[in-house]
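Data block below; observations after.
For ligands, and for the atoms within them, numbers begin at 1 and follow the listed sequence.
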Amino acid sequence: MSTSPLSKTPLNKAASTKSPISQLPLSDYDQHRAALMAKMPNNCIALFPAASELTRSNDTEYAFCQNKNFFYLTGFNEPDALLVLLKDEQGSAKSVLFSLPKDPLHEIWQGRRIGQIKAVDDYGVEQSFTLSEIDSLIPDYLEGKSQVFFGFSDHNFAAQVFTWLKQVSSNIRQGAKTPTNLTDSDPLVAELRLIKTTNELALMRHANHISGLAHQRAMQKCHVGKFEYQIEAEILHEFARHGARHPAYASIVAGGDNANILHYTANCDVLNNNELLLIDAGAELGGYAADITRTFPINGKFSTEQKAIYQLVLDAKNLAVNAIKPGMSFAKLNILTNAFLTQGLVDLGILEGDLTELISEKKVKDYFIHGLGHWLGLDVHDVGDYHISTDREQLRAFKEGMVMTIEPGIYIPLTDLSVAEKWRGIGIRIEDNIAVTKDGFENFTVNSPQTIEDIEELMQK
Ligand code: GLY
Ligand code: MN
Ligand code: MN
């Protein structure tokens with residue numbers, strides 16, 4: 001097995017010397033709106049609702065998470081708002097924000113609100129109204145427009161749009177003109193979100209750095225006999241210490257055979273000697289996600305079998321990462337890594353048979369049971385097409401500014417009786433976050449230990 005092609009990175013070092021940011025400047029959201037409006041035809045309207053708070057039980061709510069398209073276009077982090085983009089027949093554009101009113105009683109009990117004055121002053125919209133004015137103003141905006149954009153994936157909001165359209169058509173005898181061309185805005189916004197700006201890249205680099213520190217802490221705090229949720233607490237602690245209050249998704253802290261449950265989030269079991277711990281955890285910073293996985297021995301020392309599979313997955317990860325550049329695609333990376341992992345599993349005696357046949361039958365997928373990676377951004381599984389036309393092979397060519405994960409894994413559950421017993425119960429994934437640059441890639445995930453030597457050294461301290 002070849003050794004890791006990436007050089008050792010000193011721990012605790014910043015991913016980059018570029019100064020870190022924790023949120024985008026508000027002017028960036030003006031630019032996002034302008035870019036979207038440039039793609040819209042004249043005489044049209046686009047509607048983007050904010051998220052609502054979600055009840056956890058009785059009168060308590062889950063931590064608020066903004067609708068990511070709305071956030072991308074506003075940076076506004078209050079529930080129940082609505083962004084309206086208007087373009088007139090001459091092509092002049094304006095943004096209108098409807099939001100909750102200032103309310104002294106609410107502000108004493110629940111928290112401050114931005115209100116309509118600050119919405120205009122700070123958030124760069126041309127006009128702002130309270131939510132109570134929506135039902136009188138939106139039908140007016142819709143009347144006479146030739147095209148309406150809204151996200152088709154939000155059925156409740158689509159129903160609301162139809163209610164407003166019906167209000168317009170009820171005035172048809174008075175000469176009202178109802179728009180007839182309804183267009184899904186989701187793909188338009190997804191294409192914009194897929195290519196990150198310099199500031200978005202800086203923010204994601206910083207989210208990765210914080211997440212890397214959390215993975216370091218998890219390795220240092222891990223001991224036989226602790227519980228998975230105690231390590232999860234260490235991770236959340238480290239995120240918050242560095243300004244990332246929330247994880248980007250529910251952390252996976254999976255000891256031993258739990259690693260073979262891909263979306264294991266129960267995190268409730270004890271950590272056993274001689275087993276591995278798989279941690280898939282990333283911070284959310286300024287709305288943007290990191291998504292990092294590291295797998296390491298609970299007692300600080302890899303066994304021979306754990307080492308063999310770990311090195312294979314690490315080499316596959318590095319092989320894919322090092323191949324990333326404009327023009328590459330997930331389809332081509334899949335061919336590369338599937339062949340490499342198949343060869344590796346044959347060498348270890350886990351797969352048996354003719355290499356070419358095993359590759360063409362995709363037998364590696366018995367053990368590498370998920371995709372190689374995905375787009376990353378405001379959502380952990382970020383928006384954006386992977387395909388060109390009707391292909392099923394993720395042929396879309398990478399472009400500068402795209403950010404993705406690369407996350408090969410090998411999973412051999414205890415119940416897999418087709419392999420020798422010594423391999424069973426091993427589940428390993430290694431996941432880095434990569435930006436496509438002008439002529440190559442930047443790996444944001446540089447301070448989460450990944451070589452066997454680095455992990456064992458850190459865990460001995
Ligand atoms: N954390 C989910 C994933 O890696 O896709
Ligand atoms: Mn991922
Ligand atoms: Mn992940």
Side-chain angles (χ1 to χ4, degrees), residues 65 68 190 193-194 196 204-205 207-219 228-229 231-232 234-236 238-239 244 246-255 258-267 276-285 287-296 310 313-314 316-318 320-321 324 329-330 333-334 337 341 365 367-386 394 396 398 402-411 427-436 441-450:
C65 182
K68 296 291 188 172
R193 281 175 53 182
L194 183 56
K196 275 70 180 176
M204 294 183 74
R205 193 180 288 116
N208 244 266
H209 177 65
I210 293 170
S211 307
L213 295 176
H215 279 270
Q216 286 184 31
R217 185 183 183 92
M219 289 177 193
E228 292 164 341
Y229 55 78
I231 304 301
E232 180 182 20
E234 298 292 348
I235 290 165
L236 298 177
E238 195 68 14
F239 286 172
H246 298 289
Y249 52 92
S251 306
I252 296 168
V253 183
N258 290 339
N260 293 311
I261 304 167
L262 291 183
H263 289 160
Y264 175 82
T265 51
N267 300 354
L276 293 169
L277 178 57
L278 181 154
I279 297 182
D280 184 341
E284 181 174 282
L285 191 71
Y288 288 78
D291 180 12
I292 300 175
T293 306
R294 290 292 181 260
T295 310
F296 55 90
Y310 186 90
V313 175
L314 181 61
K317 191 269 293 175
N318 288 335
V321 168
I324 291 175
S329 65
F330 273 116
L333 291 182
N334 279 327
T337 46
L341 285 169
K365 282 300 173 189
Y367 301 101
F368 173 24
I369 50 183
H370 53 71
L372 179 63
H374 52 82
W375 307 134
L376 182 70
L378 281 167
D379 278 297
V380 62
H381 298 150
D382 208 27
V383 292
D385 217 337
Y386 291 82
Q394 301 192 325
R396 183 172 193 165
F398 297 162
M402 289 177 172
V403 180
M404 70 198 69
T405 69
I406 294 294
E407 50 180 303
I410 293 291
Y411 307 90
I428 294 174
R429 175 163 70 256
I430 308 174
E431 176 173 29
D432 286 358
N433 301 166
I434 315 294
V436 183
F441 70 92
E442 177 185 347
N443 190 342
F444 287 158
T445 316
V446 291
N447 65 339
S448 311
Q450 55 171 318

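At a threshold of 2.8 Å, the Mn ion (ligand 3) has a backbone or side-chain N, O or S atom of Asp280 nearer than that distance. Not a single N/O/S atom of His381, whether from backbone or side chain, sits less than 2.8 Å from the Mn ion (ligand 2).
Inclusion of Arg429 in the set of residues having an N or O under 3.5 Å from an N or O of ligand 1 is not warranted. Between Thr293 and ligand 1, a contact under 3.5 Å exists for no N or O pair.
Evaluated by nearest non-hydrogen atom to atom 4 (O) of ligand 1, the leading choice among His263, Glu407, His370 is Glu407.
Sorting the N, O or S atoms of Glu431 by how far they are from the Mn ion (ligand 3) puts OE1 first. Of all N/O/S atoms in Asp291, OD1 sits nearest the Mn ion (ligand 3). No other N/O/S atom of Glu407 lies as close to the Mn ion (ligand 2) as OE2 does.
The closest side-chain heavy-atom distance from Met404 to Ile324 is below 4.5 Å.
Asn260 and Tyr411 share no side-chain donor-acceptor pair at under 3.5 Å.
Taking every heavy atom of Tyr249 and a limit of under 4.0 angstrom, the matching atoms of ligand 1 come to 1 (N). Interface of Asp280 with ligand 1, defined as ligand atoms under 4.0 Å from a residue heavy atom, comprises 1 (N), 2 (C), 3 (C), 4 (O).
Looking at Tyr386, its side chain never comes within 3.5 Å of a backbone N or O of Phe330 through a donor-acceptor pair. A donor-acceptor pair under 3.5 Å is absent between the side-chain atoms of His215 and the main chain of Ile235, judged by distance alone.
Minimum interatomic distance between Asp291 and Thr405 (heavy atoms only, all atoms of both residues): OD2-CG2, 3.6 Å.
Close to ligand 1: His381, with a non-hydrogen atom less than 4.0 angstrom away.
In summary, Arg294 and Asp280 do not engage in a salt bridge, as defined by a charged side-chain N under 4.0 Å from a carboxylate O. Asp385 and Arg396 are not joined by a salt bridge, as no carboxylate oxygen comes within less than 4.0 angstrom of a charged side-chain nitrogen. Looking at Glu442 and Arg205, a side-chain N of the basic residue comes within less than 4.0 Å of a carboxylate O on the acidic one, giving a salt bridge.
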